[in-house]
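Right, one structure below, let's go through it.
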Amino acid sequence: MRVLILGGDGYLGWPTAMHLSRRGHEVAVADNYFRRQACAALNCEPLIPVPDLHERARLWEAVSGHRLQVHIGDACDYDFLSRVFQGFQPEGTVHYAEQPSAPYSMMNREAAVFTLTNNLVSTANLVHAVAELAPGCQIVKLGTMGVYGTPNIDIEEGYLEVEHKGRRHRFLYPKEPGSLYHVTKAQDGDLLYFYSRIWGLRVTDLHQGPVYGVETEESGTDPRLATIFNYDHIFGTVLNRFLVQAVAGVPLTVYGKGGQTRGYLNLKDTLACVELALRNPAQPGQYRVFNQFTETFAVNDLAVRVQAAARELGLAVEVRHLPNPRREAEEHYYHPVHTGLRELGLQPHYLTPEVLKGMLELVSRHRAAIVTDRILPEVAWKK
Ligand SMILES: NC(=O)c1ccc[n+]([C@@H]2O[C@H](COP(=O)([O-])OP(=O)(O)OC[C@H]3O[C@@H](n4cnc5c(N)ncnc54)[C@H](O)[C@@H]3O)[C@@H](O)[C@H]2O)c1
């Protein structure tokens with residue numbers, strides 16, 4: 001299949017490109033380097049530097065023999081996107097090209113407006129490019145479990161069957177996003193749902209939990225092929241922050257009571273899920289949703305697991321609770337359904353002590369590059 005990856009230089013995009021090309025797909029990657037530029041501007045550089053996208057593609061071709069098409073440009077620029085579509089004629093597009101950080105979206109007005117514009121215009125342009133230039137091309141868009149919030153009922157896989165005054169209807173599951181970033185992920189889903197119904201697009205929305213891990217089967221061959229590892233308060237996810245704090249010898253910082261529970265998954269499983277979605281496409285007119293995670297953890301559980309794995313490596317780790325900079329429930333019911341991808345054949349990788357120790361060892365090898373000032377939260381939700 002010819003697969004275009006929008007956001008192909010990112011944390012998920014780059015390993016996806018290698019993964020799909022190794023499995024025989026013809027892959028093109030497009031990226032405008034927003035993430036690299038934002039990391040540099042905010043003093044949030046990843047722990048381990050990575051080469052630019054042209055160099056990564058060159059390295060990958062040298063080790064694997066697979067050539068990737070590289071396009072540097074903005075998915076919000078329709079001239080750029082339509083040129084890529086006309087030249088490559090994708091049969092599938094994986095849409096990662098969005099601003100992915102909740103704290104970034106809550107920083108200030110400029111960052112809020114950028115997040116709204118970037119995430120919705122890139123999605124709208126994609127819809128038009130598919131409809132006008134590559135009809136039949138399926139769209140796999142990365143969504144987030146965060147769009148659902150933490151309702152006091154089970155979270156279904158995308159849709160909810162409602163009975164009201166004796167009649168029934170199937171709606172998209174109600175959304176209660178907890179940051180502006182998450183609002184845009186609900187809205188890009190609404191756009192895709194709308195166009196799938198109106199223009200018959202084939203869409204899979206992968207409502208994904210936070211992803212952990214750096215190494216994949218493909219990156220193992222050369223460390224320069226590994227994806228980025230951010231541990232800062234803007235782009236670093238909670239597990240990455242804890243791993244770096246454990247190695248740096250500073251307390252793990254839990255926001256609030258630490259009962260915030262979310263669904264997590266290994267990077268290897270993200271790659272498998274995206275490929276499963278592409279290989280089992282949505283039907284024309286179908287907006288299909290999968291809840292993409294393999295295990296749920298409260299923040300306190302993650303802290304305890306990192307502490308235990310670090311102890312086995314001889315690192316003494318403390319846990320400290322900070323006032324929560326976000327507005328979110330710190331103790332809540334959380335029971336999301338996630339059977340769809342398992343039914344398509346997903347074989348999960350779990351967050352075992354070995355996985356945690358492997359990540360702690362990776363961080364330890366780059367210990368000298370850690371800047372602990374980057375980890376403590378500086379963006380508050382309340383004004
Ligand atoms: N990483 C996670 O844990 C996670 C969890 C849930 C959902 N997601 C979603 O997955 C997607 C990818 O996340 P990620 O962690 O790889 O983020 P990322 O920032 O590493 O990757 C996104 C890539 O898209 C590029 N990009 C952004 N806007 C663009 C534009 N207008 N044109 C071209 N390129 C653009 C960025 O430069 C970056 O390289 C995001 O949509 C995010 O919301 C990620």
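All ligand and atom numbering here is 1-based and tracks the order in the structure. Keep in mind that the numbers below use all heavy atoms, side chains included, and drop hydrogens, waters and symmetry copies. It should be emphasised that the depicted structure is a prediction, and the values quoted were computed from it without experimental measurement.
No side-chain N or O of E98 forms a donor-acceptor pair with one of T184 less than 3.5 Å apart. H54 and R58 share no donor-acceptor pair across their side chains, judged by distance under 3.5 Å alone.
Among protein heavy atoms, the minimum distance from atom 39 (O) of ligand 1 is reached at D31 OD2, 2.6 Å. Among all non-hydrogen protein atoms, the one lying nearest atom 4 (C) of ligand 1 is Q208 NE2, 3.4 Å. In terms of protein heavy-atom proximity, atom 21 (O) of ligand 1 is nearest to G10 CA, 3.4 Å. The protein atom (non-hydrogen) at minimum distance from atom 19 (O) of ligand 1 is R35 NH1, 2.9 Å. Summary of contacts: the protein heavy atom closest to atom 1 (N) of ligand 1 is Y11 CD2, 3.6 Å. Protein heavy atom at the shortest distance from atom 16 (O) of ligand 1 is L12 N, 2.9 Å. For atom 35 (C) of ligand 1, the closest heavy atom belonging to the protein is N32 OD1, 3.1 Å. Protein heavy atom nearest atom 3 (O) of ligand 1, with residue, atom name and distance: V211 N, 2.8 Å.
Between H128 and Y195, the two ring planes are perpendicular [angle over 60°; tilted spans 30° to 60°]. Between Y287 and Y193, the ring planes lie tilted relative to each other; the angle falls in the 30° to 60° range.
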E157 and R288: CA distance, side-chain angles, deciding distance, salt bridge (charged side-chain N to carboxylate O under 4.0 Å, His left out) verdict: CA-CA 9 Å; E157 210 144 11; R288 179 177 63 166; over 6 Å; no
Trace of the salt bridge (charged side-chain N to carboxylate O under 4.0 Å, His left out) decision for D52 with R36: CA-CA 9 Å; D52 70 23; R36 289 176 186 259; over 6 Å; no
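A 6.0 Å sphere centred on CZ of R320 holds no more than 12 heavy atoms belonging to other residues, nucleotides or ligands. More than 12 heavy atoms of other residues, nucleotides or ligands sit less than 6.0 Å from atom NE2 of H332. The 12-atom threshold is exceeded at CZ of R168, counting heavy atoms of other residues, nucleotides or ligands nearer than 6.0 Å.
Between Q99 and ligand 1, no pair of N/O atoms sits closer than 3.5 Å. Here's the thing with K185: one of its N/O atoms is less than 3.5 angstrom from an N/O atom of ligand 1. When only interatomic distances are considered, the shortest N/O to N/O separation between R36 and ligand 1 does not fall below 3.5 Å. On a distance-only criterion, P210 and ligand 1 share no N/O pair closer than 3.5 Å. At a 3.5 angstrom cut-off on N or O pairs, P100 does not count as close to ligand 1. The distance criterion of under 3.5 Å between nitrogen or oxygen atoms is met by D74 with respect to ligand 1.
Residues L243 and Y231 form no side-chain contact, since every pair of their non-hydrogen atoms from C-beta on lies 4.5 Å or further apart.
Residue contacts with ligand 1 do not include A38, since none of its heavy atoms lies under 4.0 Å from the ligand. Using a non-hydrogen distance threshold of 4.0 Å, G73 registers as a contact of ligand 1. Contact analysis leaves G146 out of contact with ligand 1, as no non-hydrogen atom separation drops below 4.0 angstrom.
Considering I228, D77, L142 only, the shortest heavy-atom separation from atom 10 (O) of ligand 1 involves L142. Nearest-heavy-atom check against atom 42 (C) of ligand 1 across F235, Y181, Y96 picks out Y181.
Proximity of H95 to ligand 1, defined as any heavy-atom pair under 4.0 Å, is not found for any part of the residue.
Ion pairing between a basic and an acidic side chain is recognised when a charged N comes within 4.0 Å of a carboxylate O; R202 and E91 show no such pairing. Using a 4.0 Å cut-off between charged side-chain N and carboxylate O, R67 and E61 make a salt bridge. The existence of a salt bridge linking E156 and R170 is excluded, since no basic side-chain nitrogen approaches an acidic carboxylate oxygen closer than 4.0 Å.
Listed by number with element, the atoms of ligand 1 under 4.0 angstrom from any heavy atom of A75 are 30 (C), 31 (N), 32 (N), 33 (C).
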